[in-house]
Every structure is written in C-alpha cells, then in structure tokens.
Amino acid sequence: MPASRMQLRRQNTLIALGLAALCVWFFTSHRSRSGELIHSHEQFWRDFHPLLADNAPDCQPPIRLGNAESAGFDPQSTEPLPDLLRMPAEDIARMKQAHTAFANAIERAPPELNYQPHTRGLVSTAGGPYLPVLLISLRMLRRTGSTLPMEVFLADWEEYDGYLCQVVLPSLNAQCVVLSEILEAVPDSTNKIEKYQYKIFAMLFSSFEEILFLDADAFPLQKPEELFTADPFKSKGLVTWPDFWRPTTSPLYYKISSPKESGTQPAKPTALRQSTESGEVLVSKRTHLRTLLLAAYYNFYGPSHYYPLLSQGAAGEGDKETFLAAANALDEPFYQVSEPIRAVGRRTPDGFAGSTMVQYSPMEDYALTKKGIWRVKGVTAPTPSPFFVHVNYPKFNPATIFAENGVTNPVIDERGQYTLAWTAPEEVVASFGDNFQHMFWEDIHWTACVLEGKILSWKGKTGICQQTRDYWNSVFKNSAGTMMNQS
C-alpha cells in the first residue's frame, strides 16, 4: 500500500478514535452533570420541605358557601370581589401567622435552588395520555425554528414511557425527568403532591435559569427565544397570560397574606386585573426565587386551603392564580399580558363550541401599555399578534379525539361528518396564517402513525393511524400538500 494511503488511513483512524472519545466524554460528563443536578435538587428538597411542613396552615380548610360565578372580565366593573368563604377568626390568625413565618424565612435565608446559570429552556408536565399530546405540541414548536431544550416532568416511573423518553423526545431535544426521584429524598412527601401541584415543582427542579413553562397541549406560533430577550421579561422577570374570567380571590386571602410586620408590602386586591391562565408562564429563577418558593407553598397547601382562597370554586380552580398572588404578596415585579384571551372553535346549531385558546404577544402588548394604550379598556389600536395556541378541551390525542364524548366533538359535526376544528371567529383563525391547521394535522398524523403499537397509553388500541389518515383525506384532500403514507 502506498505511503500516502497508509498515512490517510492512520489519520482517519485517529479522527474516528478522537470523535469516539469525544462522544464518550460528552455522554459521561452530561450524565455526571445530570446526576449532580438531581443530587442538588434532592438536597434542596431536604432543606425546603421542612420549611413547608413547619409552616402548615394548622387549621381547618375554609368553609365554602358556594362557588364563585365564572363571569367574564369587565375592566369597567366596580363590583367587589366575591365573598363565599368563611373561617373563624382564630383560624385566619393561624394561617396569617404561618404565612408570615414562611415569607420571613424565605426572605432571610431561602434554601439554595440549583440550576445551570445563563440557561434557557422549556418545561412541561405530562404523563399517560398527555405524552402523545405533548409530542404534537413539541413538533409544532419546532416548526418555529426554536432550538430551546425541553424538560418533560413525569410524576413517577409508572408514567415513564421508554420509547417516547429514550427515542422520540431526545430526537426533538427534549428529555424526561421523573419527579418522584427527587421528591422521594424526603420520605412520604410525594403523598402531598398531585395534579395541578406538579407544575410549580417542575419549574423549581428544572435545570434552566430562565423558563418558559408550557402545558402539554400548548405551543407557540412564533419562535419563543424572542420572549427571553425583550421586555416585558427583561425588566419584570415574570410574565403571565390572562384567562377569560374576572378574579375571584377571597377577601380572606388578603387578610392572611398581608402581615403587619414583614419586609414586604401588603398584598393588594387585584380586581382590575384578569384572572390568570397558567398554560404558559415565563419566569427567571434568578430574579424570582422567592416568588416561586411562595407559589410552591400555596400549591403544597393548595387543594385544602389556598386554591379555594384564590379562586372560590370559579372555573379552573388550581395552581393558576398562585404565581401572581405570590409575586404580589412579596411585592416582586411581574407583567400580565392585558390583551384578552380568545376562544377558537366552530359554530354549531346550538351556538359556538370552543376547543382552543389563543394568547397574544407580550412584547407587542407591553409596547402598547407603555404608551398608555390599553386595548382591554376599549382603546383602539392594532391587535397584537397571536403567540400561543392552547388546545385545551378536549385533548387532540389521535387515539381519543374521534370518539370524544361529553363535549361537542371539535372534528366531527352534527351530521357525523369530519370537519375542520377551527373555523370561528374567522379573523382569529385567519391570524394564525395559511395552512396552520394543515400543519397541525400533519403532526397529529405523524404522531398517530409513529406511536401506534409502541407506547404504553395506547396499549391495545388499533386503527389510530388509519382513522387519522381518513380524517386527513376527508378534510384536507383539496388543500396544499399530500399526506404521507406512514405506518
């Protein structure tokens, strides 16, 4: 063999060995960093859990006289907050004392929360039937050109799906994190946390400094990297989006969260702000650690005490009001988008049937409000562009959406025919851009055909891919593009 060819072979061999060594180093160091982060989260939980336990409300839950009406937000209304809870004076005093002690503790010496500095990422919670929904949302997100990593928090190993967590999600720069692995560092603490409470703990235990939390059924229409680099996030550090409803916080909450002696300003009623829809939350753990810790306190004791105090049984009672309530109680900055949320769906003989919510650009909304232009108060100005789509009810899981019961089916009309899910209001649907539903159903079809027969939540189900393809051929056969014959 000529010398030049032997040299070339040696060079190629050295390069291959170097790349292999680099891959091994990267994998080992990444696994080591992940292990170190999990260990640091466990230590945080060992430090933080006693603070939660030592400052329990120590009283019976408030007594409900009824549920607050889920009335639409009216910025002109001067109607007082509903008052539908009752607590003995001594119980209010106990909750106030516990709240003040917890707030003072996290002011003096908050437990060290570990994350990778100068990082940004997406965080979500999912499991069981929500995992395929999350995959559809993640594929839609990647269409924006976003490369942000995602951490998907599962409650425990029963929710872990090997094919999704080890094959599919990593291909989209996402990884699964099992929350119980951290929480079990404190024995029996997992018995206290479920459902809505998971969101705040996913935020606390994520590896990112700056977080965009997204519900599994929510995704952006624009590249979310833009959110982190502009106001209002740059100046406020916490951004939320509105719900349809007026706030329904109990006046008792303000008595409890306004200590006489504290380093914070008294919490103030927020009747002039819409309630919060927490399918999207943008937060910096560096600037809003105390807010997140107090929100965790509200969620830890949420089902028994703080959820009724913050919502009084109105629509969506759960974690959604805890984030701004915590920031408000601690007098930390925040910005809630003022542009009202929109419902999207289709018209039926019985009226409008919504299945999806639309949230708007915080950057454009902030630019308007800085000029004193509040569209929510009736001031005329161009509508900010839509930024998030939250396909909230029912879930567009291809294994269940075609047989959805209990609601007006968004994809099957009153004659039993397949139909577009989103046709009204026309101007909102048009604002999504051309072929939006076409792209959404491309990703639903891809998910249906790739996951069928391979994931735990669809075990025993058949025909998922074919039924999704039948829907496509019925609804989109005359639109641009063709459905791939995947299996």
Side-chain angles (χ1 to χ4, degrees), residues 26 29-30 33-34 36-38 40-41 44 112-126 134-135 137-153 169-177 179 182 198-216 218-241 278-293 295-296 323-324 326-327 332-337 359-366 385 387-390:
F26 177 81
S29 62
H30 176 74
R33 288 195 302 272
S34 298
E36 290 172 4
L37 200 60
I38 291 293
S40 66
H41 287 328
F44 164 81
E112 184 178 355
L113 182 61
N114 291 279
Y115 51 82
Q116 295 177 3
H118 314 298
T119 56
R120 294 170 178 151
L122 308 161
V123 176
S124 192
T125 54
L134 173 91
L135 177 58
S137 299
L138 182 55
R139 284 178 61 85
M140 288 296 289
L141 180 145
R142 294 302 179 212
R143 286 179 181 268
T144 69
S146 174
T147 59
L148 288 171
M150 173 178 271
E151 293 175 346
V152 182
F153 281 77
L169 290 178
S171 72
L172 293 165
N173 197 17
Q175 64 172 324
C176 295
V177 181
L179 192 56
I182 300 168
Y198 286 126
K199 185 177 298 186
I200 182 62
F201 290 99
M203 293 180 178
L204 287 172
F205 296 134
S206 73
S207 67
F208 310 121
E209 177 181 310
E210 296 179 346
I211 298 167
L212 172 60
F213 180 92
L214 292 173
D215 276 355
F219 55 86
L221 297 170
Q222 303 179 42
K223 195 172 181 179
E225 278 88 338
E226 302 168 6
L227 297 171
F228 294 96
T229 58
D231 279 332
F233 181 70
K234 281 183 66 177
S235 59
K236 302 296 184 181
L238 172 63
V239 179
T240 64
W241 282 261
S278 62
E280 311 85 14
V281 178
L282 187 65
V283 65
S284 165
K285 292 201 282 194
R286 178 179 56 82
T287 64
H288 280 70
L289 170 60
R290 293 190 309 144
T291 289
L292 290 173
L293 295 179
F323 302 100
L324 293 198
E332 294 196 331
F334 64 85
Y335 186 82
Q336 176 146 299
V337 172
Q359 301 281 15
Y360 288 81
S361 167
M363 292 84 76
E364 295 175 29
D365 185 79
Y366 182 77
S385 57
F387 206 99
F388 292 105
V389 170
H390 188 172

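Bear in mind the structure is a predicted one, so any value in this text is a computation, not a measurement. Positions are given from 1, in the same order as the sequence printed here.
A search for ring-ring contact (aromatic ring centres under 6.0 Å, His included) contacts involving F388 returns W241, not counting sequence neighbours. Take F387 and apply the ring-ring contact (aromatic ring centres under 6.0 Å, His included) test, not counting sequence neighbours, and it matches no residue. Residues satisfying the salt bridge (charged side-chain N to carboxylate O under 4.0 Å, His left out) criterion with E364, sequence neighbours excluded, are absent altogether. Partners of R139 under the side-chain hydrogen bond (donor to acceptor under 3.5 Å, both in side chains) rule, at least two apart in sequence or in another chain, are D443. Under the salt bridge (charged side-chain N to carboxylate O under 4.0 Å, His left out) criterion, D365 pairs with no residue at all, not counting sequence neighbours. The side-chain hydrogen bond (donor to acceptor under 3.5 Å, both in side chains) check on K285 picks up S206, with sequence neighbours excluded.
For the atom pair Y115 OH and E112 CD, the distance stands at 9.0 Å (nearest 0.5 Å). Atoms OG and CD1, from S124 and I211 in turn, are 12.0 Å apart once rounded to the nearest 0.5 Å. The line from CD of E209 to CZ of F228 is 10.5 Å long, rounded to the nearest 0.5 Å. The line from CG of N173 to CE of M150 is 10.0 Å long, rounded to the nearest 0.5 Å. With rounding to the nearest 0.5 angstrom, the OG1 atom of T125 is 9.5 Å from the CZ atom of F153. The distance from atom CD of E280 to atom CD of Q359, rounded to the nearest 0.5 Å, is 5.0 Å.
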Q. Does the side-chain contact (heavy atoms from CB on, under 4.5 Å) test come out yes or no for F205 and L179, once each step is laid out?
A. CA-CA 8 Å; F205 296 134; L179 192 56; 3.5 Å; yes
Q: Evaluate side-chain contact (heavy atoms from CB on, under 4.5 Å) for V389 paired with M140, printing each intermediate quantity in order.
A: CA-CA 10 Å; V389 170; M140 288 296 289; over 6 Å; no
Q: Would you please test L148 and E210 for side-chain contact (heavy atoms from CB on, under 4.5 Å) and show each step?
A: CA-CA 11 Å; L148 288 171; E210 296 179 346; over 6 Å; no
Q: Go through the steps to decide whether S361 and Q222 satisfy the test side chain to side chain donor-acceptor pair (under 3.5 Å), and finish with yes or no.
A: CA-CA 9 Å; S361 167; Q222 303 179 42; 5.2 Å; no
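Considering every non-hydrogen atom in both P220 and T144, the closest pair reads O-CG2, 3.6 Å. Residues H41 and N114 come closest through the heavy atom pair CE1-O, 3.0 Å. A327 approaches F334 most closely through the heavy-atom pair CB-CD2, 3.8 Å. Considering every non-hydrogen atom in both C176 and L169, the closest pair reads SG-CD1, 3.7 Å. In terms of heavy-atom proximity, D215 sits nearest to H390 at OD2-CE1, 3.3 Å. Residue P149 comes nearest to F208 through the heavy atom pair CG-CE2, 3.6 Å, listed as atom of the first residue, atom of the second, then distance.
The side chain to side chain contact (heavy atoms under 4.5 Å, CB included) test with L141 is passed by exactly one of L214, L172, L212: L214.
You'll find the ring centres of Y335 and Y366 inside the 6.0 Å limit.
The closest side-chain heavy-atom distance from L227 to F233 is not below 4.5 Å. Here the side chains of T287 and L238 are not in contact, with every heavy-atom distance at 4.5 Å or above.
Judged by distance alone, with hydrogens and angles left aside, the side-chain atoms of S137 form no donor-acceptor pair with the main-chain N or O of F219 at under 3.5 Å. Remark: side-chain polar atoms of E332 are not paired, donor with acceptor, to backbone N or O of H288 under 3.5 angstrom.
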